[in-house]
> 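Handing you a structure now.
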Protein chains: 2
Amino acid sequence: MDEKKERKLLILHSIIKDYVETAEPVGSRTIAKKYNFGVSAATIRNEMSDLEEMGLLIQPHTSAGRIPSQKAYRLYVDELMKISNLGKTLEADIRDSYRQYVEEIDNAIKHTANMISRLTSYTSIVLFPQMDTLNCKHVQLIPIVEERVLMVVVTKENIVKNYEIRLSRAVGNEELVKMNNILNHIVKDSNFKNIGSDLTEKLETLSIEENQLLQEVIPIFKDILLKKQEDSVYSNGITNILNFPEFYDVMKAKSFLDIIEKKSKLVQILNEAGKDALNIVIGTENHVAEFQDCSLITATYKIGGENIGSIGVIGPIRMNYDYVVSVMNFLSQELNSQLNKSEENTKGDTIGK
Amino acid sequence: MDEKKERKLLILHSIIKDYVETAEPVGSRTIAKKYNFGVSAATIRNEMSDLEEMGLLIQPHTSAGRIPSQKAYRLYVDELMKISNLGKTLEADIRDSYRQYVEEIDNAIKHTANMISRLTSYTSIVLFPQMDTLNCKHVQLIPIVEERVLMVVVTKENIVKNYEIRLSRAVGNEELVKMNNILNHIVKDSNFKNIGSDLTEKLETLSIEENQLLQEVIPIFKDILLKKQEDSVYSNGITNILNFPEFYDVMKAKSFLDIIEKKSKLVQILNEAGKDALNIVIGTENHVAEFQDCSLITATYKIGGENIGSIGVIGPIRMNYDYVVSVMNFLSQELNSQLNKSEENTKGDTIGK
DNA sequence: TGTTAGCACTCTGCATGGTCGAGTGCTAAT
DNA sequence: ATTAGCACTCGACCATGCAGAGTGCTAACA
């Protein structure tokens with residue numbers, strides 16, 4: 001009885017494999033011939049009929065072959081799929097390619113996105129470090145000219161963000177330093193997530209004069225944390241999707257591309273995808289209607305053990321899951337070691353300062 | 001004889017108008033009826049036949065109507081078109097919408113791009129200020145942690161760019177200040193365009209010790225000016241193009257979108273478009289093959305009288321030229337006054353400093 | 001009991017051919 | 001110079017028919 005079931009699954013596996021390659025419904029003959037099971041097409045037909053009853057196969061119409069259902073892909077991903085390596089040389093090449101992206105974290109992440117889309121030929125979407133997962137180390141205000149000031153925020157994770165701000169009046173250098181000191185005093189060591197309540201609390205401990213000084217910077221400081229959300233996502237290989245017959249219909253392609261352009265939606269999608277090391281969201285498992293013809297595979301990256309963002313790839317449901325998963329596994333691992341290597345180097349000294 | 005020609009042009013005008021609206025070849029009857037010229041379709045037919053001989057109309061096949069040739073659009077743009085205003089209320093709304101984008105120049109430009117694509121329903125592409133058109137005012141090195149340093153470059157035009165860099169070793173605060181001083185001494189007031197030769201020249205005037213100090217920062221400083229090219233373009237409304245029947249063919253759409261994703265190509269296209277206040281490039285007048293089904297309308301923006309970047313819109317050749325031109329006129333004017341208003345405010349004091 | 005060959009059936013894709021309508025060019029009349 | 005009329009052309013659309021792929025069922029076989 002068990003080997004019976006075994007064969008069914010093998011057949012399902014073959015069907016999925018074939019369909020992923022060809023995008024055409026696959027018939028019993030194809031399976032019998034191409035994947036020599038040593039039984040006739042008729043037998044395969046019977047098995048396929050069973051698989052259809054189990055909800056794993058779908059027949060577009062009477063005399064077409066069958067295609068895997070979403071449930072089948074889920075089964076495949078959960079139980080059938082075997083994840084392989086990318087191969088020593090490719091892995092070494094990728095590792096090498098990170099060399100030039102050591103300075104700015106965002107570049108390493110962008111590079112990861114580019115690699116994802118290049119390797120998988122699907123569309124990649126990545127989140128840059130999300131402010132609300134980070135912790136403030138210190139803030140520095142730097143005069144540019146007149147009332148214009150550059151605010152540099154360094155997080156405990158050693159991520160640097162900076163923002164050009166404009167005060168309502170020109171502020172002298174000494175005043176700016178004073179501002180900076182007080183500001184630092186209250187934002188230091190706070191967690192950006194609770195910054196709203198934290199700050200109002202701490203502001204109360206300050207003198208009236210000090211409050212006055214910060215009157216203008218504080219709202220700006222808070223704003224920044226929210227505002228940059230739409231800059232916090234990057235995507236590459238958006239036209240790759242047009243290579244797949246599923247999207248030859250211009251309207252489908254458009255609704256896909258529309259979302260990719262709507263950065264805020266992407267942030268949401270990535271946030272909903274799950275926070276495991278690797279997450280697979282197939283078709284309607286995604287809550288965003290426009291992506292229900294797609295599958296999404298995401299991974300997270302960490303600094304100092306804390307999840308601070310994620311990388312993902314989005315393609316048709318008929319996706320090469322095992323390959324894509326191995327790509328994502330390797331790249332997220334590589335990105336993580338990249339990010340944390342540089343942290344290891346500096347962290348010790350930072351704490352000591 | 002003159003009023004004869006007059007009529008031909010009126011007919012051409014009508015055909016263009018109709019074709020721009022409907023994207024269907026337009027026949028003699030349509031023109032006769034819809035734009036009541038007071039003559040019969042047969043007469044129009046004769047005129048159209050003449051216009052075709054003149055190379056202004058094209059007949060896709062014997063029994064279809066006719067469509068305007070590229071030459072016709074050029075004629076239209078150069079001589080026939082009347083540019084109107086956008087209307088007081090719309091103009092006021094747009095002007096208002098700039099309010100919130102005063103802090104960072106790049107945001108004002110991005111906003112302009114968003115407005116372009118929203119108003120025209122074509123795809124907008126814009127260049128952020130190009131480093132090589134700017135002049136250096138000063139540079140500031142700010143320690144982040146260990147060997148990581150933030151380099152802030154302020155231009156004479158008061159544009160601020162900043163880059164995270166990594167030195168080969170941790171550098172103490174005093175040393176960094178020293179570095180900063182020497183660096184500033186030699187880069188100050190130089191024009192980024194000639195920075196290569198300028199710097200080598202000035203480096204020779206420094207002591208060996210000073211040279212040593214700058215050894216690492218100088219190449220980085222030069223790199224920066226080139227490196228960020230691909231970050232220097234932004235585009236919005238890329239999927240708008242899919243609304244036009246010209247791009248219902250997926251392969252056409254793909255080759256369009258591919259270029260939009262290739263930022264470096266966009267920079268080239270915008271640079272080739274011309275540096276007048278307003279430039280119109282129709283179809284094959286563009287040298288980039290993939291955009292020869294498109295028309296491009298660009299405008300420049302200035303700071304202190306100097307061209308530093310451009311904004312543009314790209315759509316099908318069958319474009320609503322007069323409307324788009326009026327949009328671009330208004331927006332570039334608005335952007336310019338936005339950029340230079342803020343400069344007026346500060347320039348005086350800056351020089352005094 | 002599982003497997004298989006055979007056969008009728010179904011459905012799509014494609015080529016064919018005919019009709020319709022839109023639009024033209026030409027000619028002759030005004 | 002303009003126009004009405006008419007023959008002509010071509011694409012869009014639709015019905016038809018055929019070939020090919022694939023199925024489900026049945027009866028025979030190991």
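In what follows, every heavy atom counts, from backbone to side chain, and hydrogens, waters and symmetry copies are set aside. Letters go in sequence order (proteins before strands), and every chain restarts at 1.
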> Picking from Val324(B), Val281(B), Val327(B), what satisfies side-chain contact (heavy atoms from CB on, under 4.5 Å) with Ile297(B)?
Val324(B)
> Can you find a donor-acceptor N/O pair under 3.5 angstrom joining the side chain of Arg29(B) to the base of dG23(C)?
no
> Determine which pairs satisfy ring-ring contact (aromatic ring centres under 6.0 Å, His included) with at least one residue from residues 7-29 of chain B, sequence neighbours left out, and list them in order.
His13(B)-Tyr76(B)
> Quick one: Glu24(B) CD to dA12(D) C1', roughly how many Å, whole number?
12 Å
> For dC8(D), take OP1 and OP2 only and decide whether either is under 4.0 Å from a side-chain N or O of Thr62(B).
no
> Rounded to whole Å, please give me the gap between CD1 in Ile11(A) and P in dT23(D).
12 Å
> Does a distance-only test, which skips hydrogens and angles, find a donor-acceptor pair under 3.5 Å between the side chain of Ser63(B) and the base of dT9(D)?
yes
> Check this one for me: any side-chain N or O of Arg45(B) less than 4.0 Å away from OP1 or OP2 of dA22(C)?
no
> Whole angstrom is fine here: how far is it from CD in Gln59(B) over to C1' in dC8(D)?
13 Å
> Give the rounded distance in Å between these two atoms: CD1 of Ile44(B) and P of dT3(D).
9 Å
> If you only use heavy atoms from C-beta on, which nucleotide in dG25(C), dA4(D), dT4(C) is closest to the side chain of Ser49(B)?
dG25(C)
> Rounding to a whole Å, what distance do you find between Asn46(B):CG and dA4(D):P?
13 Å
> Between Gly27(A) and Val39(B), which has a closest nucleotide on DNA chain D that is more 5'?
Val39(B)
> Between the side chains of Thr298(B) and Asn279(B), is a donor N or O closer than 3.5 angstrom to an acceptor N or O?
yes
> Figure out the CZ/P separation between Phe37(B) and dT2(D), and round it to whole Å.
13 Å
> In a table with atom names and distances, give each donor-acceptor pair under 3.5 Å that connects a side chain of residues 49-59 of chain A to protein atoms at least two apart or in another chain.
unit_1, atom_1, unit_2, atom_2, d
Asp50(A), OD2, Lys8(A), NZ, 3.2
Glu52(A), OE1, Arg66(A), NE, 2.7
Glu52(A), OE1, Arg66(A), NH2, 2.8
Gln59(A), NE2, Thr62(A), O, 3.0

> Taking CE from Met48(B) and C1' from dG25(C), how many angstroms apart are they, rounded to a whole number?
13 Å
> In whole angstroms, how far is the P atom of dT4(C) from the CD atom of Glu47(A)?
11 Å
> Of the nucleotides dA5(C), dT12(C), dT3(D), which has the atom closest to the Ser40(B) side chain?
dT3(D)
> Verify the contact: side-chain N or O of Arg66(A) to OP1 or OP2 of dG24(D), cut-off strictly under 4.0 Å; return yes or no.
yes
> Salt-bridge test for Lys262(B) and Asp258(B): reply yes if a basic N is under 4.0 Å from a carboxylate O, no otherwise.
no
